[in-house]
Protein chains: 2
Amino acid sequence: MKQRSDEHHLAEQLEKAGIRPSAQRVAIAGYVLSTADHPSADEVWQRVKTDFPMVSRATVYNTLQLFTEHGLLRQLVLAEGCVVFDPKVEPHHHFVDDATGAIEDIPWAALRVAKVDDLEGVDVREYMVVVRGRRRGKKAP
Amino acid sequence: MKQRSDEHHLAEQLEKAGIRPSAQRVAIAGYVLSTADHPSADEVWQRVKTDFPMVSRATVYNTLQLFTEHGLLRQLVLAEGCVVFDPKVEPHHHFVDDATGAIEDIPWAALRVAKVDDLEGVDVREYMVVVRGRRRGKKAP
DNA sequence: GGTCTTTTTAGACTACGTCCAATTATCGGC
DNA sequence: GCCGATAATTGGACGTAGTCTAAAAAGACC
Ligand SMILES: [Mn+2]
Ligand SMILES: [Mn+2]
Ligand SMILES: [Zn+2]
Ligand SMILES: [Zn+2]
């Protein structure tokens, strides 16, 4: 069972971020702001429902969006099952344009990642740098 | 319009990879093996349908899977619209376990990426290294 | 041509993200 | 505390895209 002080502290955290701490939002925060997982929206919904069965999916999705806008969460595009295909099969890095979502290749030699071999407890199969930002000097009209 | 020689060359490429070059597969290869985009499966389907209207979705999905298994394509988990949420909002890298799909945090200081500032023509908002592989020394029973 | 194998197909099914109009909860002024 | 205004929540409809299947079509081989 969860302590009242936890909920109190969560409510304070939400208020500090400029978010009104409704019961639903506190329940969602209780899971998603402290987990070491990287859950999808539906996983958050499933989890929150176990001790708050009446919460709706729309509320969970809206709340995650709200938390993200207020800097309490970030969204990572890393969910398995949503893939794109790349005919360049040799190692390379990727740039994702914030404006368009377009994915561009960055040659392997253009960046260098140090200390990958020092990672403890993992057998590395591959790695890449994902850079996000904007193209400068958009094609002038 | 496409030249016969292109199709012939594509068919050879498929055969070399151990794939029987049916008309559908050649049509799919004609787009996906040479594009600079990083298309989703459905985008490939939409595109291929424009000059091969009767191709089914299942064939496109199966073929992309086949091409990937034979090393002609790779799958990237970078498609917008499929996100997970991360309560750790400060910069860090990520490890994705091939066996489980679990995403783990790698501290920012554990890796270093050189030459990001040298990238031409882009304003970088953020970047991260995505490492894929297997955890060594799985929890013994 | 006959037969066996491979490939393709249409469509059902599912998962999950989005949207909306109606309801409920909360807030500030009185 | 009461009341109108505002904000939040809800259920369910909707759309998109990925998966699966059983049957048909195409191709290989003799
Ligand atoms: Mn407190
Ligand atoms: Mn040739
Ligand atoms: Zn690429
Ligand atoms: Zn993380």
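Treat the numbers as computed from the prediction; the structure is a model and nothing was measured. Below, all heavy atoms of this structure are taken into account, side chains as well, without hydrogens, waters or symmetry copies.
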Please figure out whether A:Asp42 or B:Thr59 has its closest DNA chain C nucleotide nearer the 5' end. B:Thr59
Using atom CD of B:Glu43 as one end and atom P of D:dG18 as the other, report the distance to the nearest whole Å. 9 Å
Are B:Glu126 and A:Arg74 close enough for a salt bridge, meaning some N to O gap below 4.0 Å? yes
Among D:dG11, C:dT8, D:dG18, the one nearest B:Arg25 by side-chain distance: C:dT8
Rounded to the nearest Å, what distance is computed from the CD1 atom of residue A:Ile19 to the P atom of nucleotide D:dT9? 11 Å
Counting side-chain heavy atoms from CB outward, which of D:dT9, D:dG18, C:dT7 is closest to B:Ser22? C:dT7
Select one nucleotide: of C:dT7, C:dT9, D:dT9, the one nearest the side-chain heavy atoms of B:Val55. C:dT9
Report the nucleotide, chosen from D:dA17, D:dT9, C:dC19, that has the shortest atom-to-atom distance to any side-chain atom of B:Arg57. D:dA17
Integer-rounded Å distance: D:dG27 P and B:Leu14 CG: 15 Å
Do any side-chain nitrogens or oxygens of B:Gln24 fall under 4.0 Å of OP1 or OP2 in C:dT9? yes
Between A:Glu104 and A:Arg135, does any NZ, NE, NH1 or NH2 come within less than 4.0 Å of an OD or OE carboxylate oxygen? yes
Starting at atom OH of B:Tyr61, determine the distance to atom P of C:dT9, rounded to an integer number of angstrom. 15 Å
Taken to the nearest 0.5 Å, the spacing of B:Leu119 CG from A:Leu111 CG works out to 5.0 Å
In whole angstroms, the gap separating C1' of C:dC16 from NZ of A:Lys49 amounts to 12 Å
Can you check the A:Glu80 CD to D:dT19 C1' distance for me, whole Å? 16 Å
Can you measure from CG (A:Leu66) to OG1 (A:Thr59) and round to the nearest 0.5 angstrom? 11.5 Å
DNA chain C nearest-nucleotide lookup for B:Gly81 and B:Ser56: closer to the 5′ end is B:Ser56
Atom CG of A:Leu66 to atom C1' of D:dA8: distance rounded to whole Å? 10 Å
On DNA chain D, more 5' by nearest nucleotide between B:Ala41 and B:Arg20 is B:Ala41
Of all the choices, D:dT10, D:dA8, D:dC20, which nucleotide is nearest to the side chain of B:Ala58 once you look at every atom? D:dC20
In whole angstrom, what separates A:Phe52's CZ from D:dT9's P? 9 Å
For A:Tyr127 and A:Trp108, take the angle between the two ring planes, folded into 0 to 90°, and tell me which bin it lands in: parallel under 30, tilted 30 to 60, perpendicular over 60. tilted
